[in-house]
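A quick write-up on the structure given underneath.
Chain naming here is simple, since letters A, B, ... match the order of the sequence lines and numbering starts at 1 in each.
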2 protein chains.
Amino acid sequence: MRADARRNVEGIRRAALDVFRTGGLTTPLDEVARAAGVSKGTIYHRFGSRTGLIDAVVDELVAARIHEIIDAVDALEGPLLRFEQYLLRTWLLQFDEPAANDVLIRSLPDSEPLTCLFDRACHFGTQLLTDAQAAGVVRADITPEDLNNLILERGVIVRACNQQTRADYHRRLDFTLRGLRTHR
Amino acid sequence: MRADARRNVEGIRRAALDVFRTGGLTTPLDEVARAAGVSKGTIYHRFGSRTGLIDAVVDELVAARIHEIIDAVDALEGPLLRFEQYLLRTWLLQFDEPAANDVLIRSLPDSEPLTCLFDRACHFGTQLLTDAQAAGVVRADITPEDLNNLILERGVIVRACNQQTRADYHRRLDFTLRGLRTHR
DNA sequence: TACGTTCTTGACCATGCAGTCAAGTACCGA
DNA sequence: TCGGTACTTGACTGCATGGTCAAGAACGTA
């Protein structure tokens, strides 16, 4: 690969990271091209498709964030705390990072590393749910699909041009969490 | 107005009711035109704009449904029951009638009758919330804006190509409702 | 029936996006 | 320095939408 081509590929990757970070993975590729100082054609030539470009950046962009959550929650004690913190942190990530949200709600043609990432998170959540239910602190009638749906819903909400402040968003998450606990 | 014109206006209105009922108020006007057996131009000539057409059908299409809810809830006793039934019925309406949902989430340039309809529902909800809070059965930290937001969120969710069955949707609404009640 | 007025048509413009490719440009080794 | 190959460009097609308007069709009255 020629020197200028290598430079361009790196430039596009960096531009994509930047643009996707703030705008999500569905941002028009023209914007990435403009940010990288190349033409759209170059992106397609180098990465094949939007999906190809996403694959090339998704790890650096999103994977770390999701693994952070899993690790942080894994360090906590108590089934209710673990379950609720997992949801809470995921929901906040969805608010803060449109790109992570796109992965979590699968708003894209499933690429391989993306699907893998999603499945890992999904599996972890299911385990937390099961544990919390076994301990009797979370409603027994919640299914793994419900959990999945709770994250999906939040993603859709965040996406639809959210005008609420982060503080309000955060405060309201507590309403939803309370509805999942068991009560006498 | 000529006889054929009057016939067309009626046909368009009926087609719009039909098409909007199933597809929501943002359905392409070409579809309405096709269903009415006229060209798109005729709709614009007769109703001025999409908003004009909506104004001409929104009452027959949506107003009745929303008033039904208000009346039904108003006949109930008990602040918690009233509050929860209002939310529940509204959320189900949003699932069942995309057009009503469009009104509730204000996904359109606000036309006058539409705004009026929305405000009425909003005001009624606020009253129910206040009553329920005064009775101590609903969390005191919920604001009227939160209530509004709960409906908005549900609307956005329903809109984003919902694959869940009505039964699942209904079942999951209970999670959210539970989160609004007071608990020791 | 004939003609002016009302009405309708559908091709047209504009916008915003994905994705492609022939033609032109830039690199780099000989 | 030169030439061939690698690379880039940006104009193009295609699609879906909202909305417009000159020209032709239909009505209904005289």
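Here the closest non-hydrogen pair linking A:Cys122 and A:Asn148 is SG-OD1, 3.9 Å. In terms of heavy atoms, A:Trp91 sits closest to A:Thr176 at CH2-CG2, 3.8 Å. Residues B:Pro98 and B:Arg21 approach most closely at CD-O, 3.5 Å, considering heavy atoms. Pairing each heavy atom of A:Ala99 with each of A:Leu25, the nearest pair is O-CD1, 3.9 Å. Nearest heavy atom pair, residue B:Ile66 against residue B:Ala121, reads CG2-CB, 4.1 Å.
Residue pairs meeting the side chain to side chain donor-acceptor pair (under 3.5 Å) criterion with at least one partner in residues 117-129 of chain A, sequence neighbours excluded, are A:Gln127-A:Asp131. Residue pairs meeting the side chain to side chain donor-acceptor pair (under 3.5 Å) criterion with at least one partner in residues 55-65 of chain A, sequence neighbours excluded, are A:Arg13-A:Glu60, A:Asp55-A:Ser111, A:Arg65-A:Glu97.
Residues of residues 44-57 of chain B having a heavy atom closer than 4.0 Å to DNA chain C, listed by number: B:His45, B:Arg46.
Each end of the helix from C:dT1-D:dA30 to C:dA30-D:dT1 yields a helix axis from five base pairs, and these two axes differ in direction by 30° (to the nearest 10 degrees).
At a threshold of 4.0 Å, the pair B:Arg181-B:Glu84 counts as salt-bridged, since one of the basic side-chain nitrogens sits closer than that to a carboxylate oxygen. Remark: B:Asp141 does not engage A:Arg171 in a salt bridge, criterion side-chain N to carboxylate O under 4.0 Å. Using a 4.0 Å cut-off between charged nitrogen and carboxylate oxygen, B:Arg154 and A:Glu153 count as a salt-bridge pair.
Protein atom CD1 of A:Ile43 is 18 Å distant from nucleotide atom P of C:dC21, rounded to whole Å. The separation between A:Arg34 atom CZ and C:dG16 atom C1' is 12 Å, rounded to whole Å. When the C1' atom of C:dT5 is taken as reference, atom CE of B:Met1 falls 15 Å away, rounded to whole Å. B:Ile12 places its CD1 atom 9 Å from the P atom of C:dT9, with the value rounded to the nearest Å.
The side chain of B:Asn8 approaches C:dC7 more closely than any other nucleotide in the set C:dA18, C:dG10, C:dC7.
By the 30° and 60° cut-offs, the orientation of the rings of B:Tyr169 relative to B:Phe95 is tilted.
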Working for side chain to side chain contact (heavy atoms under 4.5 Å, CB included), residues A:Ile151 and A:Leu87: CA-CA 8 Å; A:Ile151 292 170; A:Leu87 270 180; 4.0 Å; yes
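Protein chain A contacts DNA chain D over a range whose 5' and 3' limits, counting nucleotides with an atom under 4.0 angstrom from a non-hydrogen atom, are D:dA6 to D:dG10.
Residues A:Thr26 and B:Thr42 both approach DNA chain C. Their nearest nucleotides, taken by heavy-atom distance, put B:Thr42 toward the 5′ side.
Judged by a 6.0 Å distance limit and a 45° cone about the ring axis, B:Arg139 is not positioned over the six-membered ring of A:Phe175.
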Atom pairs under 3.5 Å, N or O on each side, protein against nucleotides 25-29 of chain C: can you list them with distances?
from, atom 1, to, atom 2, distance (Å)
C:dA26, N3, A:Arg2, NH1, 3.4
C:dC28, OP1, A:Ala3, N, 3.2

